[in-house]
Each structure stands twice: as structure tokens, then as C-alpha cells.
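One structure is given below, encoded as C-alpha cells.
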Amino acid sequence: MSLEHRLKTFRGRIEDYLDSKLPREDTAPERLHAAMRYAVLGGGKRVRPTLVYLTGETLGVQIERLDAPAAAVEIIHAYSLVHDDLPAMDDDDLRRGRPTCHRAFDEATAILAGDALQILAFELLSGDTAMIGNPRNRLAIIRELAVASGTAGMAGGQAIDLWAQGRAPDVATLETMHSLKTGALINASVLMAAWSADHPDPALIDALGRFGRAIGLAFQIQDDILDIEGDTETLGKTAGADSARDKPTYPSVVGLERARQRAAELCDAAIDALSGLGESATALRQMAAYIVRRDY
Ligand code: GRG
């Protein structure tokens, strides 16, 4: 099966699952539920759920075990986009080709929708009956997502991002910011799937962690490149927004050519990390290449 076919299949599966788990908009509080559904079901590439499914497939994990982790990471991602777009943060009007959540609803509703989505992710992980039964593994999954979302992950990276506006950080600081803000959730997607296996081998977790960290950083570098080279219609968000806001990006700090090289190096490092996994990891290797070649 080609990577494109897999992406399509997993995208369809996660759309249906998310739809079934999000609170319905005809139940109270209707407006809040409508905003939550708008934020999550409004498109998106579904890269993080796909990584959960692909990693699980590589390890022979039953797909039903992966639905809740895949949904939880996408829900956290959706909440982060809602909050990131708010006037107090990036103040964006366009996301996934439509008005941002606070534009479609209002600011207070968007804040609350983000908060409720964050909680919903952990409600799913703590209550889903199809996930791995072993409580140690389940706790590891919950912890993986919690750490990746908090100050040692996404929120911490966002704090550096806010600090960095109008400054000129060095490459190491920029890589830390990118790895935390974006890489941590991508890495967590891979590791949550690894913890869904019956007996995850520590060496395997280590290898997948190296893979996840490399593609996580590569993903944000490619995002920075697309902010320069992409167009608003294809991206579904405002192209050039980072430079307009005087935000340091990989290309603004090291130049476009070096940014491309670094993304390619990280793709190679990710593929290298999977050397012990043989044929079963072919789709994950293809995914690493997709992440640095994508055009939106
Ligand atoms: C308020 C505690 C607190 C946390 C919020 C706002 C925030 C923390 C973090 C923002 C993190 C963020 C928005 C990172 C950008 C990551 C990124 C590259 C987003 C775009 O991801 P894609 O390309 O988007 O996967 P789609 O739309 O395809 O899902």
C-alpha cells in the first residue's frame, strides 16, 4: 500500500473517530460544543494521528488500541492552534482555509473551547476501553502526552516563541524552541503508539524517540520554509505571517539553503534511527521523507 493510500485511510478513520467522540452541538452548552467541533473537524493534514497509526502498524499493534491516542494528540494539537491564533498570541484570521475559531465564534468561546479540548484529550486516554489494558502502559501514554503538552513541551516552546519575537536567537535556542513547540507532540505521537504494544522493548522506545525527535524538528523547519515559499491558499493559513510579525524562523536565522539542508539531515537521522526495524518500518521512513517534502 502506498503512503498516500495509508494517509487517506488513516485520515478517514480519525475523522470518523473524532466526530464520534466530540460532544454534539445539539447538546448543552451548544455554542461551546460547536466551537470545539469547528476547531477539530475543520480539516488539517492529521499528521499526528497518522504517525500514531503508522508506528502502531510497524509494531503490529491492533488498530483499535490506537484510536484514542491518535484522537487525543490531534485534539491537543487543535486546542493549541485555537489558542495560538488568539489576538493575545499570533492574532490570526485564517486557519485550515477558514476563519480562525475566535473569528468564527468569539474570543471567550475560543479560549474555553481550547481549555475543554485539552481536558477532552485526557478524558479519552483515561477512559477508552479499546486501548492497551496494561495500566502501566496506559499511564506511560497519558504521561507522554501530558509532558509533551506542558512546559517541557509545547507550552514551554510557545513561551520561548513569545520571548523570541523581535530578537535574534542563536540556532541552538531556535532548535530548542521548535523541538518543544512542535516536535514534542510529534514525538509523543510516535511514543504513544510504542507504549500501545504489549511489551515495548526499551531499545525500541529509544530508537523511536530518536526518530520522533528528528521528524518533529524537521516538521517545524519545513513549516518555516513554507511560511516563505508557500501561498496562503495552499497553506490554508496566512503565508509570510512569521516574517510579518518579526518572528525568528529557521530560514531567517541561517538562510533558506541551510534550513533545507538541516531538514534533509534530520530526515536522514530519522531514517537512520529506524535501522533496527527492517522492512516493517518502510511507511515510517516514507513519512519522514513526506514531512520534509510537503508543500502545505
Ligand atoms: C496556552 C498553555 C497554553 C498552551 C498553548 C498555543 C500553544 C500553547 C502552542 C502553540 C504551538 C503551535 C501552534 C505550534 C505550531 C505547530 C505547527 C507547525 C502547526 C501547524 O501544524 P500542521 O501543519 O497543521 O500539522 P494542520 O492544520 O495540518 O493540522
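Start at 1 with the first residue, then count along the sequence.
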Hey, can you pull the donor-acceptor pairs under 3.5 Å for the side chains in residues 206-213, sequence neighbours left out?
none

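- The cationic group of Arg46 does not satisfy the cation-pi geometry with Tyr53, failing either the under 6.0 Å distance to the six-membered ring centre or the 45° limit from the ring axis.
- Remark: Ala193 engages Val52, Thr55, Leu66 in a side-chain contact (heavy atoms from CB on, under 4.5 Å) (not counting sequence neighbours).
- Under the 4.5 Å side-chain criterion, counting only non-hydrogen atoms from C-beta, Leu145 is in contact with Leu185.
- Residue pairs meeting the ring pair (Phe, Tyr, Trp, His ring centres under 6.0 Å) criterion with at least one member in residues 57-84, sequence neighbours excluded, are Tyr79-His83.
- Under the 4.5 Å side-chain criterion, counting only non-hydrogen atoms from C-beta, Asp224 is not in contact with Ile228.
- For Asp246, the side-chain contact (heavy atoms from CB on, under 4.5 Å) criterion is met by no residue, not counting sequence neighbours.
- For the side-chain hydrogen bond (donor to acceptor under 3.5 Å, both in side chains) condition, the pairs that include at least one residue of residues 19-37, sequence neighbours left out, are Asp19-Arg37, Arg24-Asp26, Thr27-His33, Arg31-Asp106.
- Between the Asp128 side chain and the Ala130 main chain, a donor and an acceptor come within less than 3.5 Å of each other.
- A donor-acceptor contact shorter than 3.5 Å is absent between the side chain of Asn134 and the backbone of Asp198.
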Please list every donor-acceptor pair under 3.5 Å in which a side-chain atom of residues 235-243 meets a protein atom from a residue at least two apart or in another chain.
{"unit_1": "Lys237", "atom_1": "NZ", "unit_2": "Asp223", "atom_2": "OD1", "d": "3.3"}
{"unit_1": "Lys237", "atom_1": "NZ", "unit_2": "Asp223", "atom_2": "OD2", "d": "3.3"}
{"unit_1": "Ser243", "atom_1": "OG", "unit_2": "Gly240", "atom_2": "O", "d": "3.3"}

Next on the checklist: Applying salt bridge (Lys or Arg N to Asp or Glu O under 4.0 Å) to Arg258 and Glu265, what does each step give before you reach the verdict?
Outcome noted: CA-CA 10 Å; Arg258 176 67 195 127; Glu265 275 167 26; 2.9 Å; yes
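- Side-chain contact check for Leu174 versus Met177: some heavy-atom pair is nearer than 4.5 Å.
- Listed for the Arg65 side chain is a donor-acceptor partner under 3.5 Å among the backbone atoms of Ser196.
- Counting only heavy atoms from C-beta outward, the side chains of Ile14 and Thr50 never approach each other to under 4.5 Å.
- Looking at Arg245, its side chain does come within 3.5 Å of a backbone N or O of Asp90 through a donor-acceptor pair.
- Residues His102 and Asp92 share a closest heavy-atom pair of CE1-O, 3.2 Å.
- Applying the side-chain contact (heavy atoms from CB on, under 4.5 Å) criterion to His199, with sequence neighbours excluded, gives no partner residue.
- For the salt bridge (Lys or Arg N to Asp or Glu O under 4.0 Å) condition, no pair includes a residue of residues 272-285, sequence neighbours left out.
- Arg13 places no side-chain N or O within donor-acceptor distance of the main-chain N or O of Asp67, the cut-off being under 3.5 Å.
- For Arg294, there are no side chain to side chain donor-acceptor pair (under 3.5 Å) partners, not counting sequence neighbours.
- Using a 4.5 Å cut-off on side-chain heavy atoms (C-beta onward), Leu124 and Met131 make no contact.
- Residues Ile221 and Leu256 share a single hydrophobic cluster, defined by chaining ILVMFWY side chains whose heavy atoms lie under 4.5 Å apart.
- For residues 133-159, there are no salt bridge (Lys or Arg N to Asp or Glu O under 4.0 Å) pairs, not counting sequence neighbours.
- Within the structure, every pair that satisfies the salt bridge (Lys or Arg N to Asp or Glu O under 4.0 Å) test and touches residues 156-183, not counting sequence neighbours, is listed here: Asp161-Lys181, Asp161-Lys247, Glu175-Arg262.
- Contacts of Leu139 classified as side-chain contact (heavy atoms from CB on, under 4.5 Å), with partners at least two apart in sequence or in another chain: none.
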